[in-house]
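Since the structure comes first, as structure tokens, the remarks are kept for the end.
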Protein chains: 2
Amino acid sequence: MASGQGRVLELAVLGSLHETPLHGYELRKRLNALLGMFRAFSYGSLYPCLRSLLEQGLIMEEQPAPTTIVGGRSKIVYKLTAEGKERLQDLLTQAGPSAWEDESFGVHFAFFRHTEAEVRLRILEGRRSRLEERLDAVRTALARTRERLDSYTLELQRHGLESVEREVRWLNELIATERRASAEESPDRSTDE
Amino acid sequence: MASGQGRVLELAVLGSLHETPLHGYELRKRLNALLGMFRAFSYGSLYPCLRSLLEQGLIMEEQPAPTTIVGGRSKIVYKLTAEGKERLQDLLTQAGPSAWEDESFGVHFAFFRHTEAEVRLRILEGRRSRLEERLDAVRTALARTRERLDSYTLELQRHGLESVEREVRWLNELIATERRASAEESPDRSTDE
DNA sequence: GCTCCGATGTATCGCACCGATACATCCCGA
DNA sequence: TCGGGATGTATCGGTGCGATACATCGGAGC
């Protein structure tokens, strides 16, 4: 209950609108193009989210120049308010479990451009721990298993483990890159250790 | 609304209980050991599911031999009824979207041992189509994108695409294996094509 | 010129399921 | 002996997906 736990959509919407004002339909297309590989945003959650953000004063409707519009189809373009930008900065600073869980990590990562280097690093490491935790859990459970597993179950396990291990390796590379970049930027202890 | 759409838990529980009677806590551990890499089953859904299955007469409480029990801690062991077994067979025969979506595919796959060869093949192919569809969608959306993307977004895209492509390759191998096995079993057209 | 269809667009409802939490008992080590 | 961790059952709140409904626009085909 602390502060915006689990509300992935809020960040996704705020982050997208930070680039450029958008309306619902377009927003969904953007998000699904950006993150379609990981999750599927739907209207059933988008529109309620937009309404909530509107009520909170974090976004507002943008009136297009009336002269340019002729055949004006009903279309509601939203843009960030000052409070919205503040809130976005806030969300981008949070490096907690809500940032590295499966559903939310992708969204946070997608807006890393606007995230401080230190926060980026903590999120990447948090995600890595999360995955390694999961690997451990499944591996020990597997080791404790008495009965012989059928080939399908084994193959599923193998594939699952391999996928997660692969993501861990990916995270390792990203973390190394981040470290290298931040070392270049502030080479105080460049030769240290 | 047709017939048990989306109810992944039902299959997971019925399938697990088919191997051996279990109680809630153990059931959850089993499922998380089996599928923990893909999803996380929680009590908040398990117990309501068990209750529902009980009401439907698909499972029943199993009384352990009272003599053996001494310090009997309250523990409710469930086992399949005849109707439950029937229902399970039914679920295992269904090869629809509800079988190859992200959340459900793993569960269906985990019980492939009890699934007919033909159904297995259709599920694997269905999943593959689903993933290829997604690849297409993201690729064309990406191609249509005018603005230049930052390196984080690009890396996310790259990693997402690679993961899905990898799963498609995995499915290809599985499908080939299935085909080979089924050809061996009924070598009517062994030399055909 | 007319019509149909698919893309664009806003919106709601049902409901599956996760995370957190509460609470009780058992067992084991300090 | 006492406290913490594993075992065990159970509920509640809330997020967000899928299906659906319903409008309008532009273009393809005839």
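Order of the sequence lines fixes the chain letters, A, B, ..., with proteins taken first and strands second; residue numbering starts at 1 for each chain. Being a predicted model, the structure only gives us computed values, none of them experimental.
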Next on the checklist: Quick check for you: among D/dC17, D/dA10, D/dG8, whose closest atom lies nearest to any side-chain atom of B/Tyr25?
Outcome noted: D/dG8

Item to check | Distance, rounded to the nearest Å, where B/Arg134 contributes CZ and D/dC17 contributes P | outcome: 12 Å

Checklist entry - Any side-chain N or O of A/Arg7 under 4.0 Å from OP1/OP2 of D/dT15? => result yes

Checklist entry - How long is the line joining CD of B/Glu101 and P of D/dA19, in whole Å? => result 8 Å

Checklist entry - Atom CG of B/Asn32 and atom C1' of C/dC18: how far apart are they, to the nearest Å? => result 11 Å

Checklist outcome for this item: Of A/Ser45 and B/Tyr78, the one whose nearest nucleotide on DNA chain D sits closer to the 5' end is B/Tyr78

Checklist entry - Between C/dT12, D/dG16, C/dT8, which one does the side chain of A/Leu9 approach most closely? => result D/dG16

Checklist entry - A/Lys75 has a side chain; which of D/dG16, C/dT12, C/dG9 sits nearest to it? => result C/dG9

Item to check | Between D/dT15 (C1') and A/Leu50 (CG): distance, integer Å | outcome: 15 Å

Checklist entry - Side chain of B/Val8: nearest nucleotide among C/dC17, C/dG19, D/dG8? => result C/dC17

Item to check | Aromatic plane relationship, B/His159 with A/Trp170 - under 30° parallel, 30 to 60° tilted, over 60° perpendicular | outcome: parallel

Checklist entry - Between D/dG18, D/dG8, C/dG19, which one does the side chain of A/Ser42 approach most closely? => result D/dG18

Item to check | Which nucleotide in C/dG9, C/dC17, C/dT12 has an atom nearest any side-chain atom of A/Pro48 | outcome: C/dT12

Checklist entry - What heavy-atom pair brings B/Leu9 and B/Phe41 nearest, and what distance separates the two atoms? => result CD2-CD2, 3.4 Å

Item to check | Nearest-Å distance for atom pair NZ/C1', residues B/Lys29 and D/dT7 | outcome: 8 Å

Checklist outcome for this item: Heavy-atom nearest pair, B/Leu156 first then A/Leu35, reads CD2-CD2, 3.7 Å

Next on the checklist: It should be established whether A/Arg28 places a side-chain nitrogen or oxygen under 4.0 Å from OP1 or OP2 of nucleotide C/dG9.
Outcome noted: no

Item to check | Listed nucleotide nearest any side-chain atom of B/Tyr47, set D/dC17, C/dC17, D/dT11 | outcome: D/dT11

Item to check | Shortest non-hydrogen separation from B/Leu34 to B/Ala110 and the atoms involved | outcome: CD2-CB, 3.9 Å

Checklist entry - Which sits closer to the 5' end of DNA chain D, B/Gly24 or A/Tyr43, going by the nucleotide each is nearest to? => result B/Gly24

Checklist outcome for this item: note: B/Arg39, atom CZ; D/dC17, atom P; distance rounded to Å ~ 14 Å

Checklist entry - How close or far is atom P of D/dC17 from atom CG of A/Leu31, stated in whole angstroms? => result 10 Å

Item to check | Ring geometry between B/Phe109 and B/Phe105 (parallel below 30°, tilted from 30 to 60°, perpendicular above 60°) | outcome: tilted

Checklist entry - With sugar-phosphate meaning primed atoms plus P, OP1 and OP2, does A/Ile76 contact a base, only sugar-phosphate, or nothing at under 4.0 Å between heavy atoms? => result sugar-phosphate

Checklist outcome for this item: Whole-Å distance, B/Leu53 CG to C/dC17 P, equals 11 Å

